[in-house]
Novice: 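Just dropping this structure here.
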Number of protein chains: 2
Amino acid sequence: MPKVGMEPVRRKALVDAALRVIGDQGTLAVTMSDIARRAGVSPALAHHYFGSKEQLLIETVRSLLRQLRDDTVTALNAATAPREKLSALIRVSFQASQFAPDTIAAWLAFYSEAQRSEDVRRFLVVYARRLRSNLVANLKVLCPVDDAERIAEGAAAMIDGLYIRQSLRSAPIGIEASIALTEDYVTSHLDQLYRQGRPA
Amino acid sequence: MPKVGMEPVRRKALVDAALRVIGDQGTLAVTMSDIARRAGVSPALAHHYFGSKEQLLIETVRSLLRQLRDDTVTALNAATAPREKLSALIRVSFQASQFAPDTIAAWLAFYSEAQRSEDVRRFLVVYARRLRSNLVANLKVLCPVDDAERIAEGAAAMIDGLYIRQSLRSAPIGIEASIALTEDYVTSHLDQLYRQGRPA
DNA sequence: TATTTTTGATTGACTCATCAATCAATAAAA
DNA sequence: TTTTATTGATTGATGAGTCAATCAAAAATA
């Protein structure tokens, strides 16, 4: 069986498996065995490549974040005008892959873990900052900087809030409705500023 | 030592201790020993009164929710006009006791747990529904019902989002700023409807 | 009142299961 | 033969849950 060059293959398989298992069970309290089984290898191999569970978990958040960043970059490049870019940012946050119950459960688990692990926390802070700065960058073309910062803060909060509420699956607001709500927030605040600038 | 009638005293002490320990460590993965120690009793006693860790945890969410509900009722009673009641709802969500890092960490841990425990999930759904229905009840006095529902959804999401963002302690938006952001959301959307109803 | 019985409160010690981590051994390339 | 991939077996730690025993207040009885 043993072929050479398996390391990157196994690493990826294990990280993906970790994400799926964590999403399934909605917690980081999954066993290395669970993860390894899902990846089709022995638990010992997972330790061999990652050294510890902690490390595998860290690689897993990193992977989750990388995915989101790549999607964001793509979406941002596809848009041209600032207002379009704002819509792109909103859409990416709620795109199917991000909004799937499993993914949401995984995010939630990592947020909780961030209370303990400085490493995990750092990654999530990066996410939060990136979203905020992307929003601000495009908003400030359309309005004064301090308003841009305020609106960005609100929009980011709303996105995260819709996300967390989704995790309860109580009154499932759909993807479309979530996007509409956030778009509406941005639009109405920009309109408001526009009116204030040029009172009828 | 043994006096009669200790049961309610110990139950409360244990639930309070659980909340503190969970808040401290930011996870439900705390041991019964930790909790019992904090409550000043033996682990065995915790099992004696609650039967299982799961059960103690459930009582703990319940307690967290009861506290929030009581605060909400009080705040709601102190306000009279619908718009004031909306402000009261917002203020309660961000009041110091709710916004303390420990409390936020505990909420987050329970949200994550809700992915596994149907009981915990039920309690959190109750919270979400209650907030939503309180908001709608007061909003619909000020605008059409369907708009009220939309705004309530957005406000609730924003509250939860500000909450979760607070947990990262990256760009610490303060209590006041959080309240202002949410107030602003409600106000500007109500204004917008008002303007649409009576175009200049 | 004094004595015995009952009952609630409480714990130390123990069991049992789980799990992360290690390691020595094996098998297949190179 | 050396290196890389892989695993089964094992270990050590941890933690939930159990249980029999203890202690003291309360209640019943003498």
Side-chain angles (χ1 to χ4, degrees), chain A residues 1-22 24-61 109-110 112-113 116-120, chain B residues 1-61 109-110 112-113 115-120:
Chain A
M1 250 192 266
K3 274 207 187 124
V4 144
M6 292 306 285
E7 175 155 357
V9 176
R10 294 273 113 109
R11 289 188 89 98
K12 181 170 188 325
L14 282 163
V15 166
D16 289 353
L19 203 51
R20 290 208 305 280
V21 174
I22 290 167
D24 268 9
Q25 302 192 209
T27 174
L28 297 198
V30 295
T31 69
M32 287 296 257
S33 299
D34 287 339
I35 297 172
R37 192 176 318 119
R38 185 76 70 108
V41 299
S42 75
L45 196 65
H47 273 100
H48 175 66
Y49 284 127
F50 290 92
S52 73
K53 183 182 172 185
E54 168 90 8
Q55 201 51 44
L56 170 53
L57 256 29
I58 287 173
E59 299 288 335
T60 306
V61 218
F110 283 120
S112 184
E113 177 67 14
R116 261 149 298 131
S117 164
E118 187 51 40
D119 291 298
V120 170
Chain B
M1 249 192 267
K3 275 203 186 125
V4 144
M6 291 307 284
E7 175 155 357
V9 176
R10 294 273 113 112
R11 290 188 88 98
K12 180 168 188 326
L14 282 164
V15 165
D16 289 352
L19 203 50
R20 289 208 307 280
V21 174
I22 291 167
D24 268 9
Q25 304 193 208
T27 175
L28 296 198
V30 295
T31 70
M32 287 296 259
S33 299
D34 288 341
I35 297 172
R37 192 176 319 119
R38 186 76 71 108
V41 298
S42 74
L45 195 66
H47 274 100
H48 173 66
Y49 283 129
F50 290 93
S52 73
K53 183 181 170 186
E54 167 90 9
Q55 202 51 45
L56 170 53
L57 257 28
I58 287 172
E59 299 288 336
T60 306
V61 219
F110 283 120
S112 184
E113 178 68 15
Q115 306 298 312
R116 263 149 297 130
S117 164
E118 187 54 37
D119 291 296
V120 171

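Letters A, B, ... mirror the listed sequences (proteins, then strands); counts begin at 1.
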Novice: What is the distance, rounded to the nearest whole Å, between atom CG of L45(A) and atom C1' of dG8(D)?
Specialist: 13 Å

Novice: Rounded to whole angstroms, how far apart are CG on L56(A) and P on dC19(C)?
Specialist: 15 Å

Novice: Whole Å only: how far is the CD atom of E7(A) from the P atom of dA28(C)?
Specialist: 21 Å

Novice: With a non-hydrogen cut-off below 4.0 angstrom, is F50(A) in contact with a base, only sugar-phosphate, or nothing?
Specialist: nothing

Novice: Looking only at non-hydrogen atoms, find the nearest pair between S112(B) and S112(A) and report the distance.
Specialist: CB-CB, 4.4 Å

Novice: In whole Å, what is the span from the OH atom of Y49(A) to the C1' atom of dT22(C)?
Specialist: 17 Å

Novice: Just how far, in rounded Å, is P of dA24(C) from NE2 of H48(A)?
Specialist: 15 Å

Novice: To the nearest 0.5 Å, how far apart are CZ in F110(A) and CD1 in I22(A)?
Specialist: 4.0 Å

Novice: Can you measure R37(B) atom CZ to dT10(C) atom P for me and round it to whole angstrom units?
Specialist: 18 Å

Novice: Begin with the C-alpha distance, continue with both residues' side-chain angles, and end with the deciding distance and a verdict on side-chain contact (heavy atoms from CB on, under 4.5 Å) for V30(A) and I35(A).
Specialist: CA-CA 7 Å; V30(A) 295; I35(A) 297 172; 3.9 Å; yes

Novice: Kindly compute the distance separating CG (D34(B)) from CZ (R20(B)), expressed to the nearest 0.5 Å.
Specialist: 12.5 Å

Novice: Work out which heavy atom in G5(A) is nearest to a heavy atom in V9(A); give both atom names and the distance.
Specialist: O-CG2, 4.2 Å

Novice: Within this structure, what is the CG-CD distance for the pair L28(A) and E113(A), rounded to the nearest 0.5 Å?
Specialist: 5.0 Å

Novice: Using OP1 and OP2 only, check whether a side-chain N or O of R10(B) sits under 4.0 Å from dT10(C).
Specialist: yes

Novice: What's touching nucleotides 12-17 of chain C from the protein side, N or O pairs under 3.5 Å?
Specialist:
none

Novice: Determine, for nucleotides 12-17 of chain D in 5'-to-3' order, which nucleotides have protein heavy atoms under 4.0 Å from the base (write B), from only the sugar-phosphate (write S), or from neither (write -).
Specialist: ---SSB

Novice: With rounding to the nearest 0.5 Å, note down the distance linking CZ in F50(B) to CG in L57(B).
Specialist: 10.5 Å

Novice: Could you measure the distance from the CG atom of L14(A) to the CG atom of L45(A)? Nearest 0.5 Å is fine.
Specialist: 6.5 Å

Novice: When rounded to the nearest 0.5 angstrom, what distance separates CG in L56(B) from NE2 in H47(B)?
Specialist: 9.0 Å

